[in-house]
Amino acid sequence: MQLPKNYNPKEAEIKWLEFWEKEKIYAFDPNSKAEIYSVDTPPPTVSGKMHLGHSFSYSQQDFVVRFQRMLGKNIFYPFGTDDNGLATERMIEKMKNVKGQFMKRKEFVDLCLKTLKEIRPDFVYDWKRIGISADFSIFYTTIDQHCQEISQRSFVELYKMGRIYRKRAPFVWCPECQTAIAQVEMKDNERESKLVYMKFDTSLGEQITIATTRPELLPACVAIHIHPDDKRFKHLIGAKAKIPFSDREVKITANKDVDMEFGSGIVYHCTFGDMDDVKWMEEFNIEPIEILNKDGILNEKAGRFKGLHVKKAREAVIKALQEEGRIAKLEPIRHVVNVHERCETDIEILITDQWFIRYLDLKDEFIEYGRKIKWYPEHMKARYENWIKGLKWDWNISRQRHFGIPIPVWYCRKCNEIIAADEKQLPVDPLVDMPLKKCRCGSNVFIGEKDVLDTWATSSLTPDIAIELFKDKKIFKKLHPMSLRPQAHDIITFWLFNTVVKSYFHHKKIPWQNAMISGWALDPKGKKMSKSKGNIIDPREMIAKYSADSLRFWAAGSRLGDDLPFQEKDLVTGSKFSTKIWNASKFAFMHLSDYNLEKPAKLEVMDRWILSKLSKVVKESTENFIDYEYSHTKLEAETFFWHVFCDNYLEIIKDRLYNAGKRGKEARLSAQYSLFHTLLTIIKLMAPIMPFITEELYQLYYKNHEKIKSIHICKWPDISMIDEHAEHIGDFVVKVVEFVRKQKSEKQLSLKTPVKKLTIKAKIEEKDFDSIEAEIRAATTAEHIVFEPTRGKKTENDLEIEVGF
RNA sequence: GGGCCUGUGGUCUAGCGGCUAUGACAACACCCUUACACGGUGUAGAUCACCAGUUCGAAUCUGGUCAGGCCCACCA
């Protein structure tokens, strides 16, 4: 069998992708009796492009899945895309140059759906291209009817449980997107700003100075706070302060939350500058004064500043204060403001009607559930618990957007009663559909809820969504809880946590037994990759330049959970590995063309040596893979292949393979047998990491013998041919060979140069030496060998070698 | 401010109680050896961030310091 000189990954990888799909190699079999391994695959957010971080973490989960498949398990590995929500909405607005808010909802939603349909196949192809072995026929998109139904059903069930409520409450709001956003959707932006020192009159006659970065909220000031221990000001507690530009007076109250060091040491309490303001509002039972509209423009309650946008109002208030001589000073300040991560707009806190899931009373249960899940790596659990302990708000699930899953409720026009959809009628669009029953008051005139569900309210149901693609209820029992949730560490606090929450409510069970948490791909300097920094690496370019296998090989180089700085040269390593295994296989297949699986009566020492070492590698690799330590498996297989198998074993057996006449047919057969099994095992060990080239090599030679369609459904190697004695002798041979090589190298001689006389003194039995003398002779090109066994006190490692040229 | 993680030759990395501390890339020297020059063999290069402790013995365990990363909170 003659292999082409070079391996061409560009052609081969596409060929095998098509083969796997056509032959349904990764299909889940709902009727199989084999143990199931089910995966709650993260649905990537459709953005038209896979980024390097995706290829990193999805490769890592794929290593594990492919390993589990080779253990003979029935793999349930669905694939979905997350294309519901604000991210998609903004993407479509950009792509199509439209604004959702100026369109009819239906029209906009249709445009989104149509556009998604166009771009989705390309997007999903990126995942196929890196060799993700999901069953792409088990497919969902979080905006499809199936997901809508499940998501709305979850809402209705929770509503019936009394877990969902609607409340008018202060909440984080994006004036640009005009929707409520969650805590996790915010990010910090550092900014140059002015700290404004404003002078207020008090009922005691003296003036006080208050420092703020938000002077425009002046008309919304509801109180002044002073620390009760602040000697400078405590006499003012109980007095009143007059709000400039209005007739209002507010109370000066004692509040121990005040930081006496910041600004002037006096806080003005507005509606709402930050979350503290909200907290104090409740604590002191103060009525808010809402001066901001949803678009960030001040309303009539702002008096003379009405109609101005926040930023304009800020300047206007400063100017007005200056005119009245009420500015003590303006201090430049660098501070951090919260912005909406999608559009980088400063967030506001507004009082709006929102839907919430009540869950703060269940923190202990959620922590308990987290402890039932096995975390890989374990320390990631700490992040989960930390997050729960710090939770302060119920889960806001409503968004004031167009594109999303509608909240399935109506309001009775007559009595304002909330009517939830009937489970039978799901999915519904309350703006189009009507409830099945009349209101209790007898009315049948309803107003549909306009709000949609936040995307996490749906993606927290991915286990249900994926499993229910099979209508058979028995399947659910087999698949739930799922075996594995793979994901990256940045979304532990929402996607992972939210899924646990939903599973708690709907199933009273953990959603999965194991969670494997990947790290991040960082830029070469170890910094996070982001568009704004311009340090993005496009995985597609890397695949085109190297190969998907090389990219995966790189991703296997980092331990689970660790971040990995990207260096392009690391992809070269993967490609080199491919070349090496290609060439080694070329050699092996050449010498195995006449081999027919016969087992020799007796295995030569060096063959027992390699098989024994291989057995240990297999054992270690398997154990590591079971613990999600694919990087160890990769490293071990790599090192064994390159340095034990290629550098030494192949060199040593060449003589037997080429010179059967001199060394004997049995000796050659023994080498063939070992070569066959060792290489096959190496290819299998590497198959989860490098699925393409291993498939290519398998199909070229081994398939004829193994009779299984693809290497990826072959059995994971299980060999135990440990032979300590052979290892000892074999190691001795390698030491001698290496020593001679070194001598030749130092004398700048070709490795072919014959050795006239090779003298070896070692603690090896003569009969053992006889068994490998021919191997040493061939591998060192020695013409004459003198062997002296050493006895007595010398340790086993004692070895004296003399090389005479 | 709280939590978690990390700190090993120029770069990345293995090791996580006991050997002259892995390996890759880069550098240098040599070798076209019948799988591979997209290769092979070798050489040089690390006081394992710093300090203290536990121990017969620490890169490895404990405490502290410093530096970096991530998450959370705060920033009136």
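Because the structure is predicted, anything quoted here is derived from the model rather than measured.
- Counting all heavy atoms, side chain and backbone alike, A:Pro565 lies closest to A:Trp554 at O-NE1, 4.1 Å.
- Looking at A:Glu331 and A:Tyr197, their side chains do bring a donor and an acceptor atom within 3.5 Å of each other.
- A salt bridge is absent between A:Glu216 and A:Lys311; no separation between the charged side-chain nitrogens and carboxylate oxygens falls under 4.0 Å.
- When side chains are defined from C-beta on, A:Phe641 counts as touching A:Lys580, because their heavy atoms get closer than 4.5 Å.
- Distance from the side chain of A:Leu751 is smallest to B:U41 among B:C70, B:G2, B:U41.
- Within the structure, a side-chain polar atom (N or O) of A:Thr213 is placed less than 4.0 Å from OP1 or OP2 of B:A76.
- Residue A:Thr579 places its side chain closer to B:C38 than to any other of B:C71, B:C38, B:U13.
- Place A:Leu195 and A:Lys5 on RNA chain B by their nearest nucleotides, and A:Lys5 ends up nearer the 5' end.
- If you check the side chains of A:Thr345 and A:His340, you find no donor sitting under 3.5 Å from an acceptor.
- The listed nucleotides are B:C4, B:G15, B:C36; the one nearest the side chain of A:Asn583 is B:C36.
- In this structure, CD1 in A:Ile210 is found 12.5 Å from NE2 in A:His269, a value given to the nearest 0.5 Å.
- When the nucleotides B:G69, B:G39, B:U43 are ranked by their closest atom to the side chain of A:Asp563, B:G69 comes out on top.
- Per the geometry, CE belonging to A:Met186 stands 14 Å off C1' belonging to B:C71, to the nearest Å.
- In this structure, the separation between CD on A:Glu348 and CG on A:Asn338 is 11.0 Å, given to the nearest 0.5 Å.
- Comparing atom distances between the A:Asp274 side chain and each of B:C75, B:C4, B:G39 picks out B:C75 as nearest.
- As rounded to the nearest Å, B:A59 and B:A29 have P atoms that lie 35 Å from one another.
- Put simply, the side chain of A:Ser750 and the base of B:C31 share no donor and acceptor less than 3.5 Å apart.
- Heavy atoms of A:Trp642 sit under 4.0 angstrom from primed sugar atoms or phosphate atoms, though from no base atom.
- Atom name P, nucleotides B:A26 and B:C71: the rounded distance is 34 Å, in whole Å.
- Distance CD1 (A:Ile581) to C1' (B:C36): 13 Å, rounded to an integer number of Å.
- Nucleic acid contact class of A:Ala211 (heavy atoms, under 4.0 Å, all strands): sugar-phosphate only.
- In this structure, A:Ile388 places its CD1 atom 14 Å from P of B:C72, rounding to the nearest Å.
- Side chains of A:Thr499 and A:Arg485: a donor on one and an acceptor on the other come within 3.5 Å.
- Side-chain atoms of A:Ser550 and A:Ser547 include a donor-acceptor pair closer than 3.5 Å.
- Set against B:U41, B:C70, B:C75, the side chain of A:Asp276 has B:C75 as its closest nucleotide.
- Ion pairing between A:Asp274 and A:Arg214 fails under the 4.0 Å rule for side-chain N and carboxylate O.
- With B:G42, B:C30, B:C71 as the choices, the nucleotide that has an atom nearest any side-chain atom of A:Glu746 turns out to be B:G42.
- Atom-to-atom, CZ of A:Phe553 to C1' of B:C12 comes out at 13 Å; the value is rounded to the nearest Å.
- With B:C12, B:G3, B:A76 as the choices, the nucleotide that has an atom nearest any side-chain atom of A:Thr212 turns out to be B:A76.
- Separation of the C1' atoms belonging to B:G23 and B:A67 is 26 Å when rounded to the nearest angstrom.
- When the C1' atom is used for both B:G45 and B:C25, the distance is 14 Å, rounded to whole Å.
- Here B:C5 presents its C1' atom at 13 Å from CG of A:Leu560, a figure rounded to the nearest Å.
- Using atom C1' as the reference point in both B:G7 and B:A49, the two lie 6 Å apart (nearest Å).
- In this structure, CD of A:Glu331 is placed 17 Å from P of B:C75, rounded to the nearest angstrom.
- Regarding contacts with the backbone of B:G42, every side-chain N or O of A:Lys747 stays at 4.0 angstrom or more from both OP1 and OP2.
- A:Val258 comes within 4.0 angstrom of a nucleotide base, judged by non-hydrogen atoms across all strands.
- The shortest heavy-atom contact between A:Lys634 and A:Gly557 is NZ-CA, 4.0 Å.
- The nucleotide whose nearest atom lies closest to any side-chain atom of A:Gln748 is, among B:G40, B:C30, B:A76, B:C30.
- Spacing between atom NE2 of A:His632 and atom C1' of B:C16 amounts to 10 Å, rounded to whole angstrom units.
- Nucleic acid contact for A:Asp259: base, since at least one base atom lies under 4.0 Å from a heavy atom of the residue.
- Of the C1' atoms belonging to B:G3 and B:U47, the separation is 34 Å, rounded to the nearest Å.
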Under 3.5 Å, N/O pairs linking protein and nucleotides 20-26 of chain B:
unit_1, atom_1, unit_2, atom_2, d
B:C25, OP1, A:Lys576, NZ, 3.3

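- Not one side-chain nitrogen or oxygen of A:Trp387 sits closer than 4.0 Å to the OP1 or OP2 atom of B:G3.
- Among the heavy atoms of the strands lying under 4.0 Å from A:Phe262 is at least one base atom, whether or not backbone atoms are also near.
- Using a 4.0 Å heavy-atom cutoff across all strands shown, A:Cys646 reaches at least one base atom of the nucleic acid.
- For the residue pair A:Tyr546 / A:Glu568, a side-chain donor-acceptor distance below 3.5 Å is found, with atom types taken as modelled.
- For B:U34, neither phosphate oxygen OP1 nor OP2 lies less than 4.0 angstrom from any side-chain nitrogen or oxygen of A:Lys752.
- B:U55 and B:C12 are spaced 33 Å apart, taking the C1' atom of each and rounding to whole Å.
- Among the protein residues, A:Asn6 comes within range of the nucleic acid bases, having at least one heavy atom under 4.0 Å from a base atom.
- The nearest whole Å value for the distance from the CD1 atom in A:Ile210 to the C1' atom in B:A76 is 10 Å.
- The listed nucleotides are B:A76, B:G40, B:C70; the one nearest the side chain of A:Val267 is B:A76.
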| request: For RNA chain B, just give me the dot-bracket, please: Watson-Crick or G-U, both distances below 3.5 Å, ( ) intra-strand, [ ] crossing earlier pairs, | paired with another strand, . unpaired. | output: ((((((((.[[[..)..(....]]].(((((.......))))).....[[[[[..)....]]]]])))))))....
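- Taking atom P in both B:U54 and B:A14, one finds a spacing of 31 Å when rounded to whole Å.
- Neither side chain, A:Lys199 nor A:Ser264, offers a donor N or O lying under 3.5 Å from an acceptor on the other.
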